[in-house]
2 protein chains.
Amino acid sequence: MKRQKSAAARVKTRDGGEMVPESLALGELDHRLGYFLRRLQIWVFQDFIQTLGPMKVRPAQYSVLVVIEANPGRSQAAIGQMLDIERARLARLLHELERRQWVTRRGARSDGRSHALNLTASGETALAKIKRLAEQHEFHLAAYVGVKRHRQLMDLLRDFG
Amino acid sequence: MKRQKSAAARVKTRDGGEMVPESLALGELDHRLGYFLRRLQIWVFQDFIQTLGPMKVRPAQYSVLVVIEANPGRSQAAIGQMLDIERARLARLLHELERRQWVTRRGARSDGRSHALNLTASGETALAKIKRLAEQHEFHLAAYVGVKRHRQLMDLLRDFG
DNA sequence: TATTGTTATACTCTATAACTATA
DNA sequence: TATAGTTATAGAGTATAACAATA
């Protein structure tokens, strides 16, 4: 797992050793929130993918499964709008979840165009495991940034919008 | 520009109109910092790319230009380690910056393997414009999340690591 | 005409591996 | 033998466009 660099951060060498790289000036990156946001976000994805490794689930798949469980029977359009996943991409993502027999798509009664999304029984079982691993990931993240900062960030980001 | 959804957020329809989507339950995403981090990060990239559109510069290119300017003559390995850009990807990214005649790579005296990176005169000129646009983007971001929250997030994320 | 969902294409980013040249 | 850099490949994510079926 890569860690955010600080003056004393270490970097892995290719034979498994470690070294302390000379620290370089950030320039105006030091005033770009996006830079720091991006660095943490990359760490989060890497840890998430690693922690969820046993279930082979990526962040986007996880978010779709959670939202289907919380809103069974909704259409692809509804789920996609909520998660800002483009419908072409969501179609492919659901095809994979259907292949793994975690999700069903059946034609909606009310509108012949839309597909109602639901979890299968094995999808529910898988998601239970997945949610336990996601919880583990959240603990990793809290430990990485500090429990207090974790709570502060959550409050700042969740309340806005 | 896509905006973070809230209960009253609007979504564009394909003919340019707008609608208010029914709000769906987040499920446990409401307790995942990564989810909120990711949403803001996507907004940041979209606004950055749009704001920097006149110069056709993407976030990774911007960060490399800024760090080369702040640390002239350093090697690709040094820049890549600092920004966590994989060396294969950095090689291609620099090839593009070299093609635009913004960056030079010349063999380092001390080590025949490494390339010293520098901005050209026109690279400096371009970067001056780019930095003005990046500053604009930062104002957009501060307006989007609120000036106070922007400062709080910056403090929380910059000080850690 | 517009929307839902599908398929296809293209470009960026990420992750590897194989290769060269230097050390 | 390890490192600096290059090239190539594959997978995910993003952004479009074109299409069929339905509204």
Side-chain angles (χ1 to χ4, degrees), chain A residues 1-2 11-19 21 38 41-43 45-46 48-50 52-53 56-64 74-81 83-98 103 105-117, chain B residues 1-2 11-19 21 38-39 41-43 45-46 48-50 52-53 56-64 74-81 83-96 98 103 105-117:
Chain A
M1 179 60 47
K2 283 175 191 168
V11 174
K12 289 245 158 79
T13 51
R14 292 169 88 191
D15 63 342
E18 285 189 339
M19 60 169 298
R38 175 70 172 154
Q41 201 265 307
I42 289 170
W43 189 96
F45 265 29
Q46 286 178 337
F48 188 95
I49 292 165
Q50 191 171 305
L52 280 276
K56 287 243 171 54
V57 171
R58 319 241 337 152
Q61 297 174 316
Y62 163 74
S63 68
V64 167
R74 305 303 295 262
S75 68
Q76 295 183 198
I79 302 291
Q81 276 170 19
L83 291 171
D84 269 349
I85 297 176
E86 206 280 321
R87 65 207 170 109
R89 168 151 166 62
L90 186 57
R92 287 193 303 272
L93 193 156
L94 286 170
H95 188 76
E96 170 65 15
L97 296 180
E98 217 173 6
V103 164
R105 291 191 265 200
R106 53 177 174 64
R109 261 163 291 287
S110 55
D111 186 335
R113 295 170 300 182
S114 68
H115 297 179
L117 301 175
Chain B
M1 177 60 48
K2 283 175 191 168
V11 175
K12 289 245 159 79
T13 51
R14 292 170 89 192
D15 63 344
E18 286 189 337
M19 60 167 298
R38 174 70 173 156
R39 290 199 74 116
Q41 202 264 308
I42 288 170
W43 190 97
F45 264 30
Q46 286 178 338
F48 188 95
I49 292 165
Q50 191 172 306
L52 279 275
K56 288 243 171 58
V57 169
R58 319 233 345 144
Q61 297 174 315
Y62 163 74
S63 68
V64 167
R74 305 303 296 262
S75 69
Q76 295 183 198
I79 303 291
Q81 275 171 19
L83 291 171
D84 270 350
I85 298 176
E86 207 279 321
R87 66 207 171 109
R89 167 153 166 61
L90 186 57
R92 288 193 303 270
L93 193 156
L94 287 169
H95 188 75
E96 170 64 14
E98 215 173 8
V103 163
R105 291 192 266 199
R106 55 176 173 63
R109 261 164 288 287
S110 54
D111 187 334
R113 294 169 301 181
S114 69
H115 296 179
L117 301 175

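Below, read A as the first sequence line, B as the second, and so on, with proteins coming before strands; counting in each chain starts at 1.
Annotation: of the two residues near DNA chain C, Ala88(A) and Phe45(B), the 5′-most nearest-nucleotide partner is Ala88(A). Toward the 5′ end of DNA chain D lies the nearest nucleotide of Glu98(B), the other residue of the pair Ser110(A) and Glu98(B) mapping further downstream.
The side chain of Asp111(B) lies closest to dA23(C), out of dA23(C), dA15(D), dG5(C). Picking from dA4(D), dA8(C), dG5(C) the nucleotide with the shortest atom distance to the side chain of Ser114(A) gives dG5(C). Nearest nucleotide to the Gln46(A) side chain, out of dA15(C), dG5(C), dC13(C): dA15(C). Of all nucleotides listed (dA12(D), dA15(D), dT16(C)), dA12(D) comes nearest to the side chain of Arg58(A). The Gln76(A) side chain lies nearest to dG5(C) when the options are dG5(C), dG5(D), dG13(D). Nearest nucleotide to the side chain of Ala91(A), out of dT6(D), dT7(C), dG13(D): dT7(C).
Atom CZ in Arg92(A) sits roughly 9 Å away from atom C1' in dA12(D) (whole-Å rounding). Nucleotide dT12(C) holds its P atom 17 Å from the CD atom of Gln41(B), rounded to whole Å. dT12(C) atom P lies 18 Å from atom CD1 of Ile42(A), rounded to whole Å. In this structure, Ile85(A) places its CD1 atom 9 Å from P of dG13(D), rounding to the nearest Å. Atom CD of Glu96(B) is separated from atom P of dT6(D) by 14 Å (rounded to the nearest Å). One can place CZ of Arg89(B) at 18 Å from P of dA12(D), the figure rounded to the nearest angstrom. In this structure, Glu86(A) atom CD and dT9(C) atom C1' are separated by 13 Å, rounded to whole Å. Between the C1' atom of dT12(C) and the CG atom of Leu93(B) lies a distance of 11 Å, rounded to the nearest Å.
Each of Val103(A), Leu117(A), Leu97(A) was evaluated against Val64(A); a single residue qualifies, Leu97(A), per the side chain to side chain contact (heavy atoms under 4.5 Å, CB included) test. Of the candidates Arg105(B), Gln81(B), Arg87(B), Gln76(B) forms a side chain to side chain donor-acceptor pair (under 3.5 Å) with just one, namely Arg105(B).
Atom CG of Asp111(B) and atom OG of Ser75(B) lie 8.5 Å apart (nearest 0.5 Å). Separation of atoms CZ (Arg38(B)) and CG (Asp84(A)) is listed at 10.5 Å; rounding is to 0.5 Å.
A donor and an acceptor atom sit less than 3.5 Å apart, one in the side chain of Arg113(B) and one in the base of dT3(D).
For the pair Pro59(B) and Ile49(B), the tightest heavy-atom approach, listed with the atom from each and the gap, is CD-CG1, 3.8 Å. Scanning all heavy atoms of the two residues, the minimum distance from Tyr62(B) to Val57(B) falls at N-CG1, 3.7 Å.
Two residues are said to be in side-chain contact when any heavy atoms from C-beta on lie closer than 4.5 Å; Gln41(B) and Phe45(B) meet this criterion.
Helix bend of the helix from dT1(C)-dA23(D) to dA23(C)-dT1(D): the angle between its two end axes, each built from five pairs, comes to 10° after rounding to 10°.
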